[in-house]
Protein chains: 4
Amino acid sequence: MQASHSSDKQDAAVSRTFTESARRAQIVAAAIEVIAEVGYGKASFARIARHAGLSSTGMISYHFAGKDDLMREVVAEVLRVAEAYMRPRIEAHSDFPGRLRTHIESNLALLVEYPKHLPALVEVLSNIRGESAGMSEFVGATEEMNRVLAERLREGQRAGAFREFDAEVMVHAMRGAIDEVVGRAAREPDLDVTACGRELAEIFDRATRKTAM
Amino acid sequence: MQASHSSDKQDAAVSRTFTESARRAQIVAAAIEVIAEVGYGKASFARIARHAGLSSTGMISYHFAGKDDLMREVVAEVLRVAEAYMRPRIEAHSDFPGRLRTHIESNLALLVEYPKHLPALVEVLSNIRGESAGMSEFVGATEEMNRVLAERLREGQRAGAFREFDAEVMVHAMRGAIDEVVGRAAREPDLDVTACGRELAEIFDRATRKTAM
Amino acid sequence: MQASHSSDKQDAAVSRTFTESARRAQIVAAAIEVIAEVGYGKASFARIARHAGLSSTGMISYHFAGKDDLMREVVAEVLRVAEAYMRPRIEAHSDFPGRLRTHIESNLALLVEYPKHLPALVEVLSNIRGESAGMSEFVGATEEMNRVLAERLREGQRAGAFREFDAEVMVHAMRGAIDEVVGRAAREPDLDVTACGRELAEIFDRATRKTAM
Amino acid sequence: MQASHSSDKQDAAVSRTFTESARRAQIVAAAIEVIAEVGYGKASFARIARHAGLSSTGMISYHFAGKDDLMREVVAEVLRVAEAYMRPRIEAHSDFPGRLRTHIESNLALLVEYPKHLPALVEVLSNIRGESAGMSEFVGATEEMNRVLAERLREGQRAGAFREFDAEVMVHAMRGAIDEVVGRAAREPDLDVTACGRELAEIFDRATRKTAM
DNA sequence: TATGAATGAGAGTTCATTCAT
DNA sequence: AATGAATGAACTCTCATTCAT
């Protein structure tokens, strides 16, 4: 009873934190495209607003606490899409090597399906420094993903599916190799991304495989 | 003695490109450090000038034709250092797998020795788009390096030292994996870069190795 | 509602060119005064902003696509005023010599009425070279005016109202003579511009008149 | 005796005021060309130095007290050349109308002969305001010339060679008409300047001629 | 919710001029 | 007499953000 007369304003603000308004989603979508196309450095509010069909940058500032906030949402959105796309494909396999290959291949299949999402993610993450508060949060999000992946590799090692190696380094090697394809795809539109995926999968399959005796 | 009545536009700075005054070198060095520390996006002339102990940004414009020119020099300097460092180490080996391992390990040893150079290189190259004329020149320089490396891998394949794989993709996978370590090293000062080098070398040795029969 | 996903470059300022916000008009007015007072070379955004009571030069950049855009608007505004002032006065006459005299006299009457407009016009046009794209457009506008005027002179010749002469040269002679008065008026505030107008009218009346036989 | 041990430095400075060093002449020549080609606004020391084959702008500052000083010398040089070219041609005539015609035609013949001099003069004079001390001096120089020319016209009037008119206005009308041709010639390289001269001469002959009775 | 004008800081660049050599 | 590095101010322009409506 007592709490029920909290102002509408407050409610709206709170709910917005969780429920993305349509405008927010639209702006995030525009941001992803602009970042992918012109790079983080030139992805100004002005450009994003124009791309989204908005008449002013004030609109963006109104819906987001600041540039950090928008970028966090961009990263979150891409991770959400990536998770939804990759997880079922990976989990369709039960063997460790199969999951590893699928991780790589579905990651690059995602690049084919959503050509702007991963480039935007790479742009943002590689241009963000631990400068402002809210930033580290979603840098951590990807580090968390890497840690989870490393843990899976270690499970595979314990299960005898993989040889001994530094899982941390292996994960980052995969990360780097995949991101490089993402970058190349932007510069070379004719690049056969799917073929790159198969090659990378082969590379890391061999890199993790137990040596034949 | 005769006045150069034509071609006013092309500047006398051309010859200066080769003379390399001490100031230019100092500014390039400051630029490398600033870029490595705060990233390409925040590496403004003001910051670089301050870091170099210069009183104004005009000083940089005086010595360089523009930001492009400075960045080109940054890239050239890093490539020069990298070449001088890595080439003799690689050429100390005569076998293909040894050269491959050494390529990776000396690359990361370079990162230990000159902790700012490679981060600066990665920052610049990943933030440059084919925008302003003279840029593509040194984007092409690194592509050339990749092409050369790929050719070496193909030689190894023809010599029977490596299995069959797409040399292009392999090179970029290495590139990406190494650059990822470069990026990590900036964020995690305690990272054992040398160990990462050994691991990566192992990874790509196995990835390229002929399958035991 | 649909976002304009293409043509990011072309700005929304296009429509603003016609809407003519009050601010734009105010800035143009300030620009005209500043240019007339200190000359094109010293008419910086800073000076214009100060004159217009604006807090920053960014304000001008906000309302105009660039210095070119502002200058184009300055020229357009002056031409608009000149047209509105001179045309009815000229068309009040039906004879060719009368129109010629009125062209000159109303042009200088305009200088008396709006003492900054013509000086600003002359400053801008004489300091613009075919440099930056959109400029040539309104340089052409004045050339068009000269061409129209020359055509009228030729009509007069065909109608037997004028002697034979090179209409092109005559028009430019008038142009130059009038602009010279505009320049003098700026340097000599006590100059009797109206009297100058009468004298110029007499000069060009005699210069175009058929020789008495 | 007492005065004879004034320092060499002082002497050199004094003599330089009157005796133009070769360097000064070279710089003035370069300045004239640059101003004519790119306009006063873009005729920076840097551009002039480059055009003159000098390695730095310091050279110009060394030889001239400042930009004003250089510009004054530019004006003086052009006036010197103009005087030497036009005076004998004008004085070859003894009748007032002939001198008037020749004044105009030789002025434009000068433009054909020295295509950069008059454009430079017009550029400088129309972009100089009564700002800094030494400037008004040579603005006055041309005003003096106009005054002299006006006086000649009045002589002609007293001698019955010309009709009654405001000599001041007439002189400036000629000035303006001629300068307009100078300006046009820069924009329209194919313009027949000599023909323009003949037309202008005719125009002002008729404008000053006594009405046939 | 939404708008778009306003702000002020900071960007790269050019400028005329100074000064030690 | 000449050099060219250095200076500091000014330039146009872009940026993220704020605010009154």
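Here is the naming used below: chain letters follow the sequence lines, and residue numbers restart at 1 for every chain. The structure displayed is predicted, hence computed values, not measured ones.
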*asked:* Using a heavy-atom cut-off of 4.0 Å across all strands, would you classify B:S55 as base, sugar-phosphate, or nothing?
replied: sugar-phosphate
*Any donor-acceptor pair under 3.5 Å joining the side chain of C:T57 to the base of F:dC13?*
yes
_Gap separating the NZ atom of B:K116 from the CD atom of B:E33, nearest 0.5 angstrom_ = 6.0 Å
_For DNA chain E, please output the secondary structure as dot-bracket, reading 5' to 3'. Pairs are Watson-Crick or G-U wobble, both atom distances under 3.5 Å; mark crossing pairs with [ ], other-strand partners with |, unpaired with a dot._
.||||||||||||||||||||
*When the distance from CZ of C:R47 to P of F:dT12 is rounded to whole Å, what number comes out?*
11 Å
*Position toward the 5' end of DNA chain F (nearest nucleotide), B:G58 or C:A43*: B:G58
*Can you check the C:I27 CD1 to F:dT12 P distance for me, whole Å?*
13 Å
_A:E77 vs A:I32, test: side-chain contact (heavy atoms from CB on, under 4.5 Å). Steps then yes/no._
CA-CA 9 Å; A:E77 167 63 11; A:I32 289 173; 3.8 Å; yes
*Of all the choices, F:dC11, F:dA16, E:dT13, which nucleotide is nearest to the side chain of C:S44 once you look at every atom?*
F:dC11
*Under 4.0 angstrom between B:R23 side-chain N/O and F:dA6 OP1 or OP2*: yes
*Could you state the NZ-C1' distance from B:K42 to F:dC15, rounded to the nearest angstrom?*
12 Å
*Quick one: D:L54 CG to F:dA2 P, roughly how many Å, whole number?*
10 Å
_For the CD1 atom of B:I35 and the NE2 atom of B:H51, what is their distance to the nearest 0.5 Å?_
11.0 Å
_How many whole angstroms separate atom CZ of A:F45 from atom P of F:dT18?_
10 Å
*Under the 3.5 angstrom rule, does the side chain of A:R47 hit a backbone N or O of A:V34 as a donor-acceptor pair?*
no
_Expressed as a whole number of angstroms, how long is the span from A:I60:CD1 to F:dT18:C1'?_
15 Å
*Separation of E:dG12 P from B:I48 CD1 (nearest whole Å)*: 8 Å
*Whole-Å gap separating P (F:dT17) and CE (C:M59)*: 18 Å
*What does B:S56 touch in the nucleic acid at a heavy-atom separation under 4.0 angstrom: a base, only the sugar-phosphate, or nothing?*
base
_Nearest listed nucleotide, side chain of C:K67, among E:dC15, E:dA6, F:dT12_ = F:dT12
*Contact under 4.0 Å: C:H63 side-chain N or O vs E:dA6 OP1/OP2*: yes
*Output the single nucleotide from F:dA1, F:dC13, F:dT17 whose closest atom is nearest the side chain of D:Y62.*
F:dA1
*To the nearest 0.5 Å, what is the distance between NZ (A:K67) and CD1 (A:I128)?*
8.0 Å
_Applying salt bridge (charged side-chain N to carboxylate O under 4.0 Å, His left out) to C:E73 and C:R23, what does each step give before you reach the verdict?_
CA-CA 13 Å; C:E73 220 52 48; C:R23 261 281 183 268; over 6 Å; no
*If you round to the nearest 0.5 Å, how far is CZ of C:F64 from CD1 of C:I48?*
9.0 Å
